[in-house]
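For the single chain, residues carry numbers from 1 onward in sequence order. This one's a predicted model, so the numbers in the text were calculated from it and none came from an experiment.
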Amino acid sequence: MKNWKYMLLSLALSTGLLASAVPAAAAPQQPWIKVNDQAIEYAAETAPIAQDGTTLVPLRTTLEALNAKLAGTADDTITVVVEGRTITLKSKLERIHGVTYAPIRIIGDVAGYVVSWDQATRTVQLVSKAAAPEAVSQTGGRGFLWEVENNGTTVYLVGSMHIADDSFYPLRDEFEEAFTEADYLGVEIDISKAADEAQQNLILSMGTYQDGSTLKDHISAETYAKLGGVLKQNGLEPDILDAYKPWVVDSTLASLKTAATGYEASAGVDLYFIQKALERQLPIIELESYESQLSMFNNFSKELQEKNLNTTLDNIDVVEDSVNAMAEMWKTGNDEQLLELTNSFSEDEEYNQAMLIDRNLGMAEKIDGYLKSGKNEEYMIVVGAARYLGEHGIIKLLEDKGYTVVRK
């Protein structure tokens with residue numbers, strides 16, 4: 001799938017700015033929820049739903065079925081009492097017919113259950129870790145995990161897939177053990193803040209034209225017509241994205257298509273660990289910033305932005321195949337395919353320099369700093385899997401500094 005690199009372009013961002021433009025989904029499919037093989041009985045009007053790759057369940061009813069108690073909610077913060085312990089965690093909440101819904105994976109994990117997805121029966125299985133510890137060994141995939149040590153300091157390097165679904169979980173034990181031992185979680189950016197007003201304003205200020213011009217004035221007539229056709233095919237007005245620059249349009253189109261495949265950022269590996277870190281009150285370190293990432297896309301040349309947009313438009317019908325292939329690559333932990341993906345960036349010098357080389361250098365320098373801190377602490381670093389391998393990958397950059405990096 002040589003066009004994976006353009007999928008990664010869109011997956012690197014949480015482009016929620018055009019959510020209101022997305023057509024309402026069809027009637028949601030209703031999955032089953034089983035706890036230790038016993039189905040939870042929900043009222044018809046509060047049944048679980050599958051939404052964009054995530055199973056949402058009524059918060060209070062589900063917690064009670066898991067012998068936990070809802071103490072309260074505020075915005076996207078949930079306070080839960082589990083075996084006498086009060087736990088506060090962050091999670092996307094939905095109000096549906098007056099009932100608060102939350103992702104089952106987040107609820108099950110905090111209540112002490114292993115959560116897995118049975119595609120054949122469309123059933124979410126929750127198994128108590130205490131009742132059946134062997135169930136913890138069930139995994140959603142091998143993924144990508146490395147370890148590097150220096151003078152008592154350990155850094156675990158996790159290759160993330162920024163979008164996923166319930167089938168990725170539970171992660172294998174090595175991931176969870178590394179997280180349990182970590183004193184810090186490092187990520188590209190803390191995407192739990194994506195909906196913050198400041199971040200949305202930043203996207204709008206960088207990603208829209210401020211001089212009265214529109215997209216039509218900045219791309220060729222051929223590209224604009226092609227875009228209009230694709231938007232119409234997807235039930236949108238052909239001029240709905242006219243206010244936005246090509247890099248935002250490109251990212252938005254790919255995000256809309258990937259959401260339709262059932263994969264989304266709310267189930268991504270990086271957000272999974274961010275939510276667990278918020279629950280543990282573990283310090284979260286950002287290796288980059290929203291501003292630096294957005295500036296990189298915004299500073300792409302006019303030619304590269306239109307080229308990337310055309311590539312997405314020309315391959316819009318194979319997005320599902322591309323994302324499924326990426327998911328399979330992650331689940332099997334296929335290093336050869338990951339390296340092939342990484343090397344595909346080199347086809348465009350400007351893109352490769354900005355997207356991989358410059359950013360990887362910055363991340364490797366920060367990781368080097370953690371390893372040299374002398375604090376005898378442990379770090380879990382979760383960044384896009386495509387950043388680790390290859391000539392300009394983080395692993396080689398660390399090896400060039402004298403470190404030994406071990407695949408786990």
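Nearest heavy atom pair, residue Ser289 against residue Ile189, reads C-CG2, 3.4 Å. When all heavy atoms of Ala178 and Met380 are compared, the pair lying nearest together is CB-CE, 3.6 Å. The two atoms that bring Ala277 and Phe179 nearest to each other are N-CZ, 3.6 Å, heavy atoms only. Minimum heavy-atom separation, Pro170 to Val114: CG-CG1, 3.5 Å. The nearest pair of heavy atoms linking Thr153 to Tyr370 is CG2-O, 3.5 Å. Taking each heavy atom of Gln305 and Pro246 in turn, the nearest pair found is OE1-CD, 3.4 Å.
From Leu227, atom CG reaches atom NZ of Lys216 across 11.5 Å, with rounding to the nearest 0.5 Å. Between the NZ atom in Lys331 and the CZ atom in Arg172 there is a gap of 15.0 Å [rounded to 0.5 Å]. Distance check: Ile274 CD1 to Leu271 CG gives 5.5 Å after rounding to the nearest 0.5 Å. Distance check, rounded to the nearest 0.5 Å: CD1 of Ile367 to NZ of Lys401 gives 10.5 Å. Taking CD1 from Ile78 and CD from Gln275, the interatomic distance works out to 9.0 Å, rounded to the nearest 0.5 Å. Rounded to the nearest 0.5 Å, atoms CG (Asn343) and NE2 (His392) are 9.5 Å apart.
Side-chain contact between Leu89 and Leu278 is absent, with no heavy atoms from C-beta onward closer than 4.5 Å. Residues Thr252 and Tyr244 are not in side-chain contact: their nearest non-hydrogen atoms beyond the backbone lie 4.5 Å or more apart. In this structure, the side chains of Trp146 and Ile394 stay at 4.5 Å or more apart for every pair of heavy atoms. Between Tyr209 and His218 the shortest side-chain heavy-atom distance falls below 4.5 Å. At least one side-chain heavy atom of Leu171 sits under 4.5 Å from a side-chain heavy atom of Phe273. At a threshold of 4.5 Å between non-hydrogen side-chain atoms, the residues Phe144 and Tyr388 do not count as touching. Contact check for Leu231 versus Leu253: side-chain heavy atoms found under the 4.5 Å cut-off. A 4.5 Å side-chain heavy-atom check between Lys302 and Ile219 finds every atom pair outside the cut-off.
Checking side-chain atoms of Asn310 against main-chain N and O of Glu306 turns up a donor-acceptor pair under 3.5 Å. A donor-acceptor pair is defined here as one N or O able to donate and one able to accept, closer than 3.5 Å; such a pair exists between the side chain of Thr342 and the backbone of Ala386. In this structure, Asp217 contributes its side chain and Thr214 its backbone to a donor-acceptor pair below 3.5 Å. Side-chain N or O atoms of Asn150 include one that pairs as donor or acceptor with a backbone N or O of Leu371 at under 3.5 Å. Side chain of Asn234 to main chain of Leu236: no donor-acceptor pair is present (N/O by atom type, distance under 3.5 Å, no hydrogens or angles). The backbone N or O of Leu202 sits less than 3.5 Å from a side-chain atom of Ser205, completing a donor-acceptor pair.
Ring geometry, Tyr184 versus Tyr379: the interplanar angle falls under 30°, so the pair is classed parallel (tilted spans 30 to 60°).
Checked against side-chain contact (heavy atoms from CB on, under 4.5 Å), Glu64 has the following partners two or more places apart in sequence or in another chain: Arg60.
Checked against a 6.0 Å centroid threshold, the rings of Tyr272 and Tyr169 count as neighbours.
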Can you give the donor-acceptor pairs under 3.5 Å from side chains of residues 96-108 to other protein atoms, not counting sequence neighbours?
residue: Thr100; atom: OG1; partner: Arg95; partner atom: NH1; Å: 2.7
residue: Tyr101; atom: OH; partner: Thr46; partner atom: O; Å: 3.4
residue: Tyr101; atom: OH; partner: Ala47; partner atom: O; Å: 3.0
residue: Arg105; atom: NH2; partner: Ser266; partner atom: O; Å: 3.3

Side chains of residues 294-301: which donor-acceptor partners sit under 3.5 Å, not counting sequence neighbours?
residue: Ser295; atom: OG; partner: Glu291; partner atom: O; Å: 2.7
residue: Asn298; atom: OD1; partner: Lys245; partner atom: NZ; Å: 3.1
residue: Asn298; atom: OD1; partner: Trp247; partner atom: NE1; Å: 3.1
residue: Asn299; atom: ND2; partner: Ser295; partner atom: O; Å: 3.0
residue: Ser301; atom: OG; partner: Leu304; partner atom: N; Å: 3.1
residue: Ser301; atom: OG; partner: Glu350; partner atom: OE1; Å: 2.8
residue: Ser301; atom: OG; partner: Glu350; partner atom: OE2; Å: 3.4

*Tell me, with the steps shown, if Asp109 and Lys276 meet side-chain contact (heavy atoms from CB on, under 4.5 Å).*
CA-CA 9 Å; Asp109 185 65; Lys276 288 175 72 71; 3.2 Å; yes
_Test log, rule side-chain contact (heavy atoms from CB on, under 4.5 Å), inputs Ile395 and Glu399_ = CA-CA 6 Å; Ile395 290 176; Glu399 289 175 340; 3.7 Å; yes
_Derivation of the salt bridge (charged side-chain N to carboxylate O under 4.0 Å, His left out) call for Lys307 and Asp348_ = CA-CA 10 Å; Lys307 175 183 176 182; Asp348 188 292; 2.9 Å; yes
*Output, in order, the C-alpha distance, side-chain angles, deciding distance and verdict of side-chain contact (heavy atoms from CB on, under 4.5 Å) for Glu328 and Gln337.*
CA-CA 10 Å; Glu328 184 64 19; Gln337 288 183 354; 5.9 Å; no
*Taking it one step at a time, do Thr180 and Glu378 satisfy side-chain contact (heavy atoms from CB on, under 4.5 Å)?*
CA-CA 10 Å; Thr180 299; Glu378 303 202 7; over 6 Å; no
*Show your reasoning for whether side-chain hydrogen bond (donor to acceptor under 3.5 Å, both in side chains) applies to Asp250 and Thr312.*
CA-CA 7 Å; Asp250 179 24; Thr312 297; 2.4 Å; yes
*Derivation and outcome, side-chain hydrogen bond (donor to acceptor under 3.5 Å, both in side chains), residues Tyr224 and Asp242*: CA-CA 9 Å; Tyr224 186 77; Asp242 276 11; 2.8 Å; yes
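Salt-bridge check for Glu286 with Lys366: failed, with every basic side-chain N at 4.0 Å or more from each acidic carboxylate O. Salt bridge annotation for Arg407-Asp335: present, with a cationic side-chain nitrogen under 4.0 angstrom from a carboxylate oxygen. Ion pairing between a basic and an acidic side chain is recognised when a charged N comes within 4.0 Å of a carboxylate O; Asp314 and Lys226 show such pairing.
By the 6.0 Å contact criterion, CD on Glu391 is open, its count of non-hydrogen atoms from other residues, nucleotides or ligands being 12 or less. Applying the 6.0 Å contact sphere to CD of Glu181 captures more than 12 heavy atoms from other residues, nucleotides or ligands. More than 12 non-hydrogen atoms from other residues, nucleotides or ligands lie less than 6.0 angstrom from CD of Gln210.
Counted by atom type alone, Ser128 and Asn36 present zero donor-acceptor pairs between their side chains at under 3.5 Å.
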